[in-house]
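What follows is one structure encoded as structure tokens, with my remarks underneath.
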2 protein chains.
Amino acid sequence: MTAPAPRRSTKQREAVREALEASDEFVSAQALHQAMRAEGSTVGLATVYRALAALAEDGEADALQSAGELLYRACTKTHHHHLICRSCGRTVELEAAAVERWAGQVAAAHGFIEPDHVVDIFGLCAECAAARSGSAR
Amino acid sequence: MTAPAPRRSTKQREAVREALEASDEFVSAQALHQAMRAEGSTVGLATVYRALAALAEDGEADALQSAGELLYRACTKTHHHHLICRSCGRTVELEAAAVERWAGQVAAAHGFIEPDHVVDIFGLCAECAAARSGSAR
DNA sequence: GCCTTAGTGAGAACGATTGTCAATCTCGGC
DNA sequence: GCCGAGATTGACAATCGTTCTCACTAAGGC
Ligand SMILES: [Mn+2]
Ligand SMILES: [Mn+2]
Ligand SMILES: [Zn+2]
Ligand SMILES: [Zn+2]
């Protein structure tokens, strides 16, 4: 069906993977590129975009769209969802068997097949909440 | 806190609202603009963008990001989620008290405040599924 | 080592969205 | 009904994240 897609291992892709894993948050391609450059890497921006897309395709990273830009994060390979701080980006992985079941049932009940779902929770983490109330006007 | 934001009623904004309500699917600003033009309207594209943003802000429309573009749909004003056909865009509104509760509890358990959430289910509606298996190779 | 060809990087190109700004409308006050 | 302040509009330019192009480099099977 879909060609297995050969994939050579290059130092650039490896560098991107490492940089991504070094961060616990969802980051944009641009931000990751800048961070890598700051560390002395010479990867090109286009390569970072390509590497991140490949990682996501291989299930090595999760992607989500927030505020108009694509963010990536190195995640567990098993299916899960996220609780994300909208201020600092800190992310908690969530398991939610009940929600998975619900999604499948609702889709089936309406005659939809091949259901997929997006379930993410955004909020302010305790740290950011404290920082805000501390410096609030 | 936030200024009530005065909002004058104009025929353009009204036309956008009507055009949006005429569709049962999520549509992009561009698509809506083209549809309106096709009907003889002379609204500007920028105005459609502004009107849709205003409608979403006022809770008269729901917005979601799919494949890199913002889509809007005239929806019920009460909180709900969506089951969307990824082929034809047909949309079903969903209520899910259990999921709402779950989201709130999970956020609280991790010390997050002001929780918000994104919960959407994508799939192939019965009609599109039938069409596909009928013409499948 | 040699060869085929995927991968890379600099820059151009793209496309959705937002900003600019003069002209035009809304609407509360008269 | 008529005014005037200021919100709104629309054509167009400008942004900005992302993708494309293409000459060059370097995996990796032999
Ligand atoms: Mn994840
Ligand atoms: Mn809705
Ligand atoms: Zn935080
Ligand atoms: Zn469908």
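Residue numbers start from 1 in every chain, and the chains themselves are labelled A, B, ... in the order their sequence lines are given, proteins ahead of strands. Model, not experiment: these values are computed from the prediction.
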Rounded to whole angstrom units, what separation is found between the [atom1] atom of [X] and the [atom2] atom of [N]?
X     : N      : atom1 : atom2 : result
B/L45 : D/dA14 : CG    : P     : 17 Å
A/K11 : D/dA26 : NZ    : P     : 7 Å
B/E14 : D/dT9  : CD    : C1'   : 16 Å
B/R17 : D/dT8  : CZ    : P     : 14 Å
B/E57 : D/dT8  : CD    : P     : 11 Å
B/L32 : C/dT17 : CG    : P     : 12 Å
B/H33 : C/dG15 : NE2   : C1'   : 16 Å
A/L71 : D/dT18 : CG    : P     : 8 Å

B/H79 and B/H117 aromatic ring geometry - parallel, tilted or perpendicular at 30°/60° bounds = perpendicular
Counting only side-chain nitrogens and oxygens, does [X] get under 4.0 Å of the OP1 or OP2 atom of [N]?
X     : N      : result
A/R13 : C/dG7  : yes
B/Q12 : D/dT8  : no
B/T10 : C/dT26 : no
A/Y49 : D/dT19 : no

Nearest-neighbour nucleotide for the [X] side chain, [options] considered:
X     : options                : result
A/Q30 : C/dT17, D/dT8, D/dT18  : D/dT18
B/R37 : D/dA11, D/dT21, D/dG10 : D/dA11
B/T47 : D/dC20, C/dA16, D/dG10 : D/dG10
B/E69 : D/dG10, C/dT17, D/dT19 : C/dT17

Give a yes or no on whether a donor-acceptor pair under 3.5 Å exists between the nucleobase atoms of D/dG29, that is its base, and the side chain of A/R8.
-> no
With no hydrogens and no angle check, do the side chains of B/Q105 and B/H110 hold a donor and an acceptor under 3.5 Å apart?
-> no
Name the residue closer to the 5' end of DNA chain C, choosing between B/L70 and A/V48 according to the nucleotide with the nearest heavy atom.
-> A/V48
Using a 4.0 Å heavy-atom cut-off across all strands, classify B/S28 as base, sugar-phosphate, or nothing.
-> nothing
Heavy atoms under 4.0 Å, any strand shown: does B/S9 hit a base, just sugar-phosphate, or nothing?
-> sugar-phosphate
Could you check B/E93, B/E60, B/E25 and say which one makes a salt bridge (charged side-chain N to carboxylate O under 4.0 Å, His left out) with B/R73?
-> B/E93
With a 6.0 Å cut-off on ring centres, are B/Y49 and B/H33 close enough?
-> no
Do A/H82 and A/V119 have side-chain heavy atoms sitting under 4.5 Å apart?
-> no
